[in-house]
2 protein chains.
Amino acid sequence: MTSSADVASHAGVSRSTVSQILNGHDHRFTPDMVLRVRQAAEDLGYRPSVAGRTLVRGTSDIVITLIPDVTIGPPLRELIDLITQELATAGYTNLLRLASTGASFEDAVLGLRPMGVVSLAPLSPDQRTRLEAQNVRVVEQSLEVQIAIDGAIGRLQAAHLGRMGYSRIAAAMPLIPRELPFATARAQGVRDWCEAEGVQVVDTLHIDMARGAMSHPTTMFGHAQLGVAAYNDDVAMAVVGAASKAGLRVPADIGVIGVDNADFGGVSSPTLSTIKLDLALSSHAIVEALVRGDGLPTSSLEDLSRQFTVIQGESSALTPSGRRPNH
Amino acid sequence: MTSSADVASHAGVSRSTVSQILNGHDHRFTPDMVLRVRQAAEDLGYRPSVAGRTLVRGTSDIVITLIPDVTIGPPLRELIDLITQELATAGYTNLLRLASTGASFEDAVLGLRPMGVVSLAPLSPDQRTRLEAQNVRVVEQSLEVQIAIDGAIGRLQAAHLGRMGYSRIAAAMPLIPRELPFATARAQGVRDWCEAEGVQVVDTLHIDMARGAMSHPTTMFGHAQLGVAAYNDDVAMAVVGAASKAGLRVPADIGVIGVDNADFGGVSSPTLSTIKLDLALSSHAIVEALVRGDGLPTSSLEDLSRQFTVIQGESSALTPSGRRPNH
DNA sequence: CACATCGATTGTCACGTGTCAATCCGTGGA
DNA sequence: TCCACGGATTGACACGTGACAATCGATGTG
C-alpha cells in the first residue's frame, strides 16, 4: 500500500511537497517539480488514505445515501447514479446503505464521520436529530414533501381518468402497512380532484397482492365506467386481472392507470396507462443542498408536477379520442 | 465528536484502559472498572473513529458490495440485507455501490482500504487483479457460476413445461445487450433439457420490451401447444400479451413460465408460472468466504438447483393434472 | 525485612495525512 | 560585502486509535 512518503522518496522530495502539490497548492512550486511529483504518484498508483485524511480534517469525504425500502427500478437507479456522479465531481464519495437494514445504521455509519447523509426515504425525527448532533449534514425526502408528491400523483391520475370519460373514480391501494402513509396521500389526492371537479368518488379498493388472491374477485366493481387510480403498476395489474376474472372489459367497463412505467405494463394486454416519474432534476438540487450545507429547499408543487408524465396505455382508453401520444 | 480520550477522562482512567476494555481485553481489568468505562462510553455516545482504527490497523472494517446493473427486487434486496447483517455480526460494515457508476469505483473505493469487496456481478479480470494487488479480499459471482445458474434455471423451466405437457418448447429472451450472456446461457439450458428428453426445440423468441411493441405480434407463435421459457416475469408478461393479441389462448395454446416471482405475476390474469430464486443460503457462503479470506467455493450444481422453486401459476397449466401447490 | 511475583493499569509508539510556520537559497539593492 | 527580500521547499504537529512494553502496588515467600 503506497503512501505519500513513498511518492516523496520516489520523486526525491519531501512528503510535504507531495501533499501540497496533490491538494491544489501546486502554484507554489516549480512546474517541473509539479510534473515530477505527479508522475511519481502516477507510477506508484498512489491513492491517498481516506483514513489519514479523515483524521486530520475531522470529517471524511464520504456521503452515505440511504435507499428506501422499495424495489429499485431504472428511474431510482438513475437518480442514485446521478447523485453519485455529481458528488464525485464535487470531490465526495457516495456510498449506499439499505434503509431496511435495521437500526444498525447509526452504529455502523457514524464512525465514518461522513460529511453528509442523503436519505431518499423520510427519516424519523430523532434519527435526524442524532445525525445533526454529530455535525452530519442531512438532506432527506421529508415526509411532508413525499406526501405532497403522492397527493399530486393521485390528482394527476384522477384528472387523466376524468379526461378519458370515466364518470366514477376510485383509488386502489395495496394492503402493506409500510406503504400506508403514501397510499393515504394518494387516495386523498384522488378525492381532492374529484371533489374539485364534481366527479363521483367511490370507496378506495384495498388490493391483496398475495399470489392468486384475485382469483375469486368480490363484488368490488359495482359500478360501470369505473376509473381506478392504482398505487403502482403492480396494483394496476391486479385490478386488470380481477376485472378480467369478473368478466368485465378493460377499458370499456373499467379504466386503470398505475404509477412507475414498469416494463411489464408496456407489453401486457391491455397495456397499462401509467405515470412516469422523472427524477433527474432532483439529483442536482440534492447535491447542491448537501455541498452548500443548508437544507433542501422545499420545491413548490408546480415544480413537482412537472416531474410527472402521463403515459397513455390501453387500460384507460375509454373514449375514442384517447390516442396514444408519440414517445 | 467524542473520542476515547473523552471517555477516559470522564471515567477517570487512562485512554489506554478504555481502548483495551472496549476491544475485548476486558478480562485483564477489575469488573467494576470495566463497568465504569462501559458506562462512560455509553453516556457520551462514544463511537470509535473508523479513521483512527483503520490507520493503526492498516485495513478498515469496511466491505464494499457491488450491486449489479439490474432492477433490485425483493429477492436481491433480501440477499443484500442478509449479507449486511451477517457482516455486522462478524464486526464488519457493509456499504453498497452501484456497479453502473463507471470506472470511478476504484478511485473512490480503494482509498478506504476496505477489508473486502463483494461483487454480485462478475468483475472484469483486470479489475479483480487490481483489487487483489491492494490486498483487498474479493468474493464475486463469477461469470462461470452465473452462467451455470442460468443454465440450471433454463433446464428447470423446460422441465416444468415438458411435465405440463407442452410438446414444443422455446426460450424467450429480451433484446438487451447487457443481458445477452445470461440470456444465452438460459436458452442453452432450455435446449439442453429438450435434447436430453427428446422434446422438440423451437428457435428462441427475441422479445422487444419497448412499450407497445407487442401490439402487432408477428407470426412468432407458429406452433400449437408451445411452451415458452421466458427470461423473467416481464418477458413472460410480454409473451402472454402477444399471444392474447394474436388470439391465442394461454395456457391452452401457449404455456409460459417466467423467473423472479414478481408481484404482478401473481395477480395478473392469467397468473404467471414462475421460478422463485431463494438466495438466503448464498449469503452465508459469501460472508464465510470473505471473513475466512479464501475464495468462494464453487458450489456444485446440485446445491444450486436447490435454491430454485417452481411456482405454478395459470399460464402453464395445460394438463388437468396441473394443480396449484400450497404455499 | 528484602525480594520475587503477579495482577492491574498506564505510557508510548506508529499508522498517513494536511496545514502552517520555519528554513533554505538565490537575487538585487545599498 | 552585507543584508533584506521573496519564492521554493521542508519540518513539525495534530488528528484517534490499538498493541505492546513498562510501571505501579500489593501480596506472598524465603
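Reckoned from all heavy atoms, side chains included, excluding hydrogens, waters and symmetry mates.
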Ignoring hydrogens and angles, tell me if any N or O in the side chain of T84(B) forms a donor-acceptor pair with the backbone of N94(B) under 3.5 Å. no
Between C1' of dG18(D) and CD1 of I21(B), the distance in whole Å: 14 Å
For L55(B) and dG16(D), what is the distance between atoms CG and P respectively, to the nearest whole Å? 12 Å
Interatomic distance, L55(B) atom CG to R57(B) atom CZ [nearest 0.5 angstrom]: 12.5 Å
May I ask you to decide if I62(A)'s main-chain N or O and T93(A)'s side chain share a donor-acceptor pair within less than 3.5 Å? no
With respect to the phosphate group of dT10(C), does any side-chain polar atom (N or O) of S14(B) fall under 4.0 Å of OP1 or OP2? yes
Please give the angle, rounded to 10 degrees, between the axes at the start and the end of the helix from dC1(C)-dG30(D) to dA30(C)-dT1(D), where five pairs define each axis. 80°
Would you tell me if any nitrogen or oxygen in the side chain of S49(B) comes within less than 4.0 Å of OP1 or OP2 on dT17(D)? no
L22(A) CG to dG16(C) P, in whole Å, measures 16 Å
In whole angstrom, what separates Y46(B)'s OH from dG16(D)'s C1'? 7 Å
dist T17(B):OG1 -> L22(B):CG (nearest 0.5 Å) comes out at 11.0 Å
Could you state the atom-to-atom distance from CG of D61(A) to P of dC15(D) in whole Å? 19 Å
Protein-to-nucleotide contact annotation, 5' to 3' order, nucleotides 19-26 of chain D [B base; S sugar-phosphate only; - none; under 4.0 Å, heavy atom]: BB------
For T71(A) and P74(B) the tightest heavy-atom approach is CG2-CD, 3.4 Å
Can you tell me the distance, in whole Å, between the CG atom of D26(A) and the P atom of dA8(D)? 12 Å
Which whole-number value in Å describes the distance from R36(B) CZ to dA8(C) P? 14 Å
T17(A) near the nucleic acid: base, sugar-phosphate alone, or nothing, with a heavy-atom cut-off under 4.0 Å? base
Counting only side-chain heavy atoms from C-beta out, which of dG16(C), dT10(D), dG16(D) sits nearest to F29(A)? dT10(D)
Roughly how many Å is it from CD in Q134(A) to P in dG16(D), rounded to a whole number? 13 Å
Note: L120(A) and I83(A) closest approach over all heavy atoms is CD1-CD1, 4.4 Å
Work out which heavy atom in P68(B) is nearest to a heavy atom in R77(A); give both atom names and the distance. O-NH2, 2.7 Å
